[in-house]
Engineer: 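Take this structure, written in structure tokens, and hold onto it; I'll ask about it next.
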Amino acid sequence: MDSLKKFDRYLQSKTFNVEDQVAFLKDYVIMTKYLSASDYFLLMSRYKSGPAKLFALDALDQLSNGGTTSSAAKYWFQPLLVKAISIGERTGNISDSLTIVLDMVGKNRSAMKNNLVKFIAPTGVLVAVIFVMILLKEELISVVLKIVGGEVDRLPEGMGSLLDLTNWMLAYGYIIPLAILTSAMLLRHYLINNTGRIRFQLDPLPIFKHYALFKGAQFLMNYSIMKRLGESDQDIITDEFGSAGPYYRKHLLTFSQKIGAGEVQLGDTLNGALFSPELIGRIKILSGAEEFTSSLMEASIQTNVAIMKTLSIFITAVSKFYLAAVVMLVIPIITGLFSLKDL
């Protein structure tokens, strides 16, 4: 495979988002009730395009050479989805294992999407206003400057203020979004990778606390799903370990060591910032009960809902800041346009 094709596959894999993955596998679950896996992938390779087509071709190649669907899926799907396919292959019922996982993945993605929309909409309005200001600078203000012979001092006060603002936006406006993006990337890197002493002292602070609880909820959700699929505690932790960042991995290593030392109760195994004391107490009480895994699933969902509510509050605050910025930009535009009558 040449470099250009490899690069195209890489780009296609990055555009194959979780919603598309879930939709594809849901269709797979339905259609393979009536078709063999090979026939389904042959159908998809003919009529689909993009990453879905490429995955179908990979799966066909694997199956025709004695391989498995999960081997082809590793490049295209989230680890949890790949694991569900792999367990289904081992048990002989991929549809059942996928059905369990797809429902939960879909619910989580839906909650995230609803909160992100609140952030994206006002951001789009702000970008649109900035774009209008640039057009005014390039088109309208340049015409007005010609009328006054290029003498800025002769511009009406409102138009002069608009010219100053657009000049500033063009010269320095990129710094603000660049600073926000850089700060977000650095914070994300720190949350995922830092495991020093100071980091664990920061865990009680809101943003660090919510990240830790989010990872704990992720563990409980994956644990409950994998338990329903028949996996052992150690295998579940090993699977999580493979795709975990350093911070999460350090906690998983502690859990693994406790299991290796003979601790069999999940409530005794789990500790640290990933779980609230209330949740640990609940796990200890329900451990061994028939509804244990379903209770863990519910606990992980409730934790994620609480985190999403906090995130929603933050995003709403940022959105209001964006809308305020839009209003502040619109006022000089309107003032500048009305000042044209003073020419």
Side-chain angles (χ1 to χ4, degrees), residues 1-106 108-109 218-219 221-245 248-249 252 256 293:
M1 186 182 296
D2 59 40
S3 298
L4 188 59
K5 285 185 178 180
K6 286 182 178 178
F7 183 63
D8 179 61
R9 280 173 61 83
Y10 172 77
L11 290 180
Q12 295 282 7
S13 69
K14 295 305 178 185
T15 62
F16 199 30
N17 58 46
V18 178
E19 287 84 1
D20 292 338
Q21 294 175 31
V22 169
F24 186 97
L25 291 176
K26 282 184 176 180
D27 185 59
Y28 173 88
V29 169
I30 294 170
M31 293 300 292
T32 49
K33 293 177 181 178
Y34 313 101
L35 296 172
S36 69
S38 295
D39 287 342
Y40 175 77
F41 291 129
L42 181 61
L43 193 66
M44 293 299 101
S45 68
R46 289 176 178 171
Y47 300 111
K48 287 290 186 180
S49 60
K53 179 185 182 73
L54 293 176
F55 165 64
L57 289 170
D58 284 356
L60 274 175
D61 183 60
Q62 283 286 339
L63 293 175
S64 64
N65 289 288
T68 61
T69 302
S70 59
S71 298
K74 287 178 182 177
Y75 187 79
W76 299 99
F77 291 88
Q78 279 199 334
L80 182 60
L81 298 176
V82 176
K83 185 64 178 178
I85 296 170
S86 178
I87 291 173
E89 288 170 338
R90 192 173 68 227
T91 60
N93 199 331
I94 295 179
S95 294
D96 284 354
S97 62
L98 276 176
T99 300
I100 292 170
V101 177
L102 291 174
D103 183 50
M104 294 314 307
V105 173
N108 271 341
R109 295 301 298 183
Q218 173 189 321
F219 175 81
M221 181 168 293
N222 293 351
Y223 180 91
S224 60
I225 291 171
M226 292 298 107
K227 269 297 184 182
R228 289 176 66 183
L229 296 176
E231 291 290 274
S232 69
D233 288 1
Q234 192 64 67
D235 286 342
I236 294 170
I237 291 173
T238 300
D239 288 336
E240 286 289 293
F241 197 86
S243 58
Y248 185 31
R249 193 179 297 144
L252 292 172
S256 180
T293 54

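FYI, side chains are in, hydrogens and waters are out, and symmetry mates aren't considered; it's all heavy atoms of this structure.
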Engineer: Below 4.5 Å, heavy atoms only, C-beta onward: do I85 and L25 meet side chain to side chain?
Structural biologist: yes

Engineer: Quick one: does S256's side chain have a donor or acceptor within less than 3.5 Å of a partner on L252's backbone?
Structural biologist: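 No, because the side chain of S256 does not come within donor-acceptor range (under 3.5 Å) of the backbone of L252.
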
Engineer: Might you point out which heavy atoms bring Y28 and A37 nearest each other, and give the distance in Å?
Structural biologist: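 Where Y28 meets A37 most closely, the heavy atoms are OH-CB, 3.8 Å.
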
Engineer: Between atom CD1 of I30 and atom CG of L35, what is the distance when rounded to the nearest 0.5 Å?
Structural biologist: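 Spacing of CD1 (I30) from CG (L35) equals 12.0 Å.
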
Engineer: In a check of side-chain contact (heavy atoms from CB on, under 4.5 Å) between Y10 and each of K14, K6, Q12, which one passes?
Structural biologist: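 Output: one option passes, namely K14.
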
Engineer: Taking all atoms of both residues into account, what is the closest heavy-atom pair of F77 and V82, and its distance?
Structural biologist: O-CG2, 3.7 Å

Engineer: Is it the case that the ring center of F55 lies less than 6.0 angstrom away from the ring center of F16?
Structural biologist: no

Engineer: For Y248 and E240, test the side chains for any donor-to-acceptor distance below 3.5 angstrom and give the result as yes or no.
Structural biologist: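 Distance-only check passes for Y248 and E240.
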
Engineer: Quick one, F24 and W76 - any side-chain contact, counting heavy atoms below 4.5 Å?
Structural biologist: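 In short, these two side chains do not touch, never coming nearer than 4.5 Å.
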
Engineer: What pairs of donor and acceptor atoms, side-chain ones from residues 44-51 against any protein atom, are under 3.5 angstrom apart with sequence neighbours left out?
Structural biologist:
| residue | atom | partner | partner atom | Å |
| --- | --- | --- | --- | --- |
| S45 | OG | F41 | O | 3.4 |
| S45 | OG | L42 | O | 2.7 |

Engineer: Which value, rounded to the nearest 0.5 Å, describes the distance between Y34 atom OH and Y40 atom OH?
Structural biologist: 13.5 Å

Engineer: For residues 60-69, tabulate all N or O donor-acceptor pairs below 3.5 Å that involve a side-chain atom, not counting sequence neighbours.
Structural biologist:
| residue | atom | partner | partner atom | Å |
| --- | --- | --- | --- | --- |
| D61 | OD1 | N65 | ND2 | 3.2 |
| S64 | OG | L60 | O | 3.0 |
| S64 | OG | D61 | O | 2.9 |
| N65 | ND2 | D61 | O | 2.7 |
| T68 | OG1 | S70 | OG | 3.1 |
| T68 | OG1 | S71 | N | 3.2 |
| T68 | OG1 | S71 | OG | 2.8 |

Engineer: Measure the spacing between CE of M31 and NZ of K33 and express it to the nearest 0.5 Å.
Structural biologist: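 The distance works out to 11.5 Å.
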
Engineer: Taking only residues at least two apart or on different chains, which pairs with a member in residues 80-92 satisfy salt bridge (Lys or Arg N to Asp or Glu O under 4.0 Å)?
Structural biologist: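 Qualifying pairs: K83-E231, K83-D239, R90-E231.
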
